[in-house]
Amino acid sequence: MCGIVGIIGRGPAAPLLLDALKRLEYRGYDSAGIATVDADGTLTRARAAGKLRNLEGVLNGAMPGGSTGIGHTRWATHGAPTEANAHPHLASPVAVVHNGIIENFRALRTALAAKGVSFSSETDTETIAHLLAANLQTEADLKAALVETVAALEGAYSLAFAFEGQPGTLAAARRGSPLAIGNGPDGIMIGSDAIALAPFCDDIIYLEDGDIAILSAGKADIFDSTGAAVSRPAMPVPMEVSVAEKGNFRHFMAKEIHEQPEVLTHTISHYVDVAAGTLRPDRIDLDFSKISRISITACGTAYIAGLVARHWFEAFGGIAVDLDMASEYRYRSQLMPKDELALVISQSGETADTLASLRKAKAAGQRVAAVVNVRSSTMAREADLVLPTLAGIEIGVASTKAFVCQLATLACVAIKAGMDRGTLSESAAAALVGDLIEVPRLVSEAIRLEADLTRTARLIAPASTALYIGRGPSYGIALEGALKLKELSYIHAEGYAAGELKHGPIALVDDTVPVVVVAPHDAFFAKTVSNMEEVAARGGRIIVMTDAAGAAEMGEGSAETIVMPTAPAMAAPMVSAIPMQLLAYHAAVLNGTDVDQPRNLAKSVTVE
Ligand code: G6P
């Protein structure tokens, strides 16, 4: 996964950039590079495919001078992990390093090419360098050119810039992906996380979404996306790395919720060639034309990911799916044909019931694929095929970022199933992949609803019971919303299929019971709204999560409405998951529970 560093130092920048990049190695990467600017303003770039030692090999004996510079470890998304695609990318006088995905890079690249720009890489990043170089010629100053440049970018990203002819100046910007600025004895630094900066800095400023920063020796001027000056608090660097990882968030769970656009980018770009807009079939070593059915087995939130994915396997792959909680699966006397694929889903890869299910399927001679987050886990070792989620270390006991990454991974596997079985045309598969590429940005927009959801959480926090309803894929999200609320805030919550409400739980409804309705404007919308009306008629306090089209169709009413970003059908569950997490998180904070380690719960359940 990509890492960004930058420094305006008091001594040579290159060795410090390399040291800081080494601290980001844990994120995983496949090429690296630096660019430095010396006292005369000469910009020197060095890049290498592969590990940092290759870059050190390139720099050996030829360490570039200059105390200003930027560096990057790249996790390939657009284009192969070659030296030509490695960052920094240049368009005189600009050098840029970038994390994330620029969704509209093709349109930007075409427009720049029409103006005579030629490109030396396949990356989306290079368009940013050319765009800023062009804007520097037409705009009054660096700030105006940066505002103009980021306004043209769509997607989730963090950026750091150095400039030929300008020793002692760096710039940075972020939307979706994290970025921090640190100050210390060696100078002022930029880093994609606190871990890169911790040993070098006394204090750290976390940029907020939409922020632009211009750094000069010892100081950072920060602006919002319109160019208006803003101030962001500097925080002391915590002593322990584990604390440093929490950044300026109060809880790991909050941090992990906010990391979702970034980790989704990593996960999606593992399975998708983002530049080509196509699936990477070699990353999913399964031939679904030879598979008769799938059995999905998991626990907790991972089970819910399976429940949502069943819709995709059926709709895209035309394949029958059995779904079981692992604690049930392992003791059933089910038929286990050899041409059935056993698919287990687990963040930790250690959950005892899921592991037992994996072993049961293997013993029956089935091929087992494991969607896991921890690559060194037992499930990853024992499965025939590992389908990794690239969510990074998840510390909050209640799974958040691993869940959305499980969904993204399963969506890719379901698209592969449709392609193998001929139930998805090439263009239909390409359209779904295109929808998936939009997910990090949509999730980032959903996270921006946090202030609204904090207010809505006040309606939920005092309740003793809450209901969550949804249909189709949103039924799974309703289950996840209820699970999150009960595990974090200890409020009794039930997730129900909206159509099933009248077969029991509607008896619970009175004016003390909040009913959260997950209703994006999809094929199920009208029916879900009818079920919502049944609740409203009985005095239930409705909180509806919909999108702009849904809100317009429902019109003004007494329901509390959260308007989520408009998302394509396949992206919608990943987007709707965000308000569920934020609502539960803020209700728990209001109720003063231990958010990261709720009572009685464990992150990795290794007992039956
Ligand atoms: C525990 C966690 C849940 C998680 C479940 C399954 O209950 O609290 O957040 O969904 O285990 O864990 P796994 O590691 O198998 O995904």
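First listed ligand is number 1; within each ligand, the first listed atom is number 1.
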**Prompt:** Run the side-chain hydrogen bond (donor to acceptor under 3.5 Å, both in side chains) check on Asp339 and Ser292 step by step: do they pass?
**Reply:** CA-CA 6 Å; Asp339 59 355; Ser292 67; 3.0 Å; yes

**Atoms of ligand 1 close to Ser346 [distance to a heavy atom under 4.0 angstrom, numbered from 1]** = 13 (P), 14 (O), 15 (O), 16 (O)

**Asked** Counting only N and O atoms by type, is there a donor-acceptor contact under 3.5 Å from the side chain of Gln581 to the main-chain atoms of Lys484?
**Response** no

**Thr301 neighbourhood, listing ligand 1 atoms whose heavy-atom distance to it stays under 4.0 Å** = 10 (O)

**Those atoms of ligand 1 less than 4.0 Å from some heavy atom in Ser348** = 13 (P), 14 (O), 15 (O)

**Prompt:** For ligand 1, which atoms have a heavy atom of Ala302 less than 4.0 angstrom away?
**Reply:** 10 (O), 16 (O)

**Request:** Please indicate whether any nitrogen or oxygen in Gln406 is less than 3.5 Å from any nitrogen or oxygen in ligand 1.
**Result:** no

**Asked** Taking N or O atoms only and a 3.5 Å limit, does Ile345 qualify as a polar contact for ligand 1?
**Response** no

**Asked** Within the structure, does Thr354 bring an N/O atom to less than 3.5 angstrom of an N/O atom in ligand 1?
**Response** no

**Request:** Would you mind running through ligand 1 and noting each atom that sits below 4.0 Å from a heavy atom of Gln347?
**Result:** 13 (P), 14 (O), 15 (O), 16 (O)

**Closest to atom 8 (O) of ligand 1 (judged by heavy-atom distance), picking from Asp353, Ile304, Val397** = Val397

**Request:** Kindly assign one of parallel, tilted or perpendicular to the pair Phe316 and Trp312, based on the angle between their ring planes and the thresholds 30° and 60°.
**Result:** parallel

**Asked** For the side chain of Thr267 and the backbone of Leu390, is there at least one donor-acceptor N/O pair under 3.5 Å apart?
**Response** yes

**Complete:** Tested for side-chain contact (heavy atoms from CB on, under 4.5 Å) against Arg174, the lone hit among Leu207, Ile4, Asn99 is Leu207

**Asked** Any side-chain heavy atom of Pro281 sitting closer than 4.5 Å to one from Met419?
**Response** no

**Request:** Would you please classify the geometry between the Tyr585 ring and the His251 ring as parallel, tilted or perpendicular, with 30° and 60° separating the classes?
**Result:** perpendicular

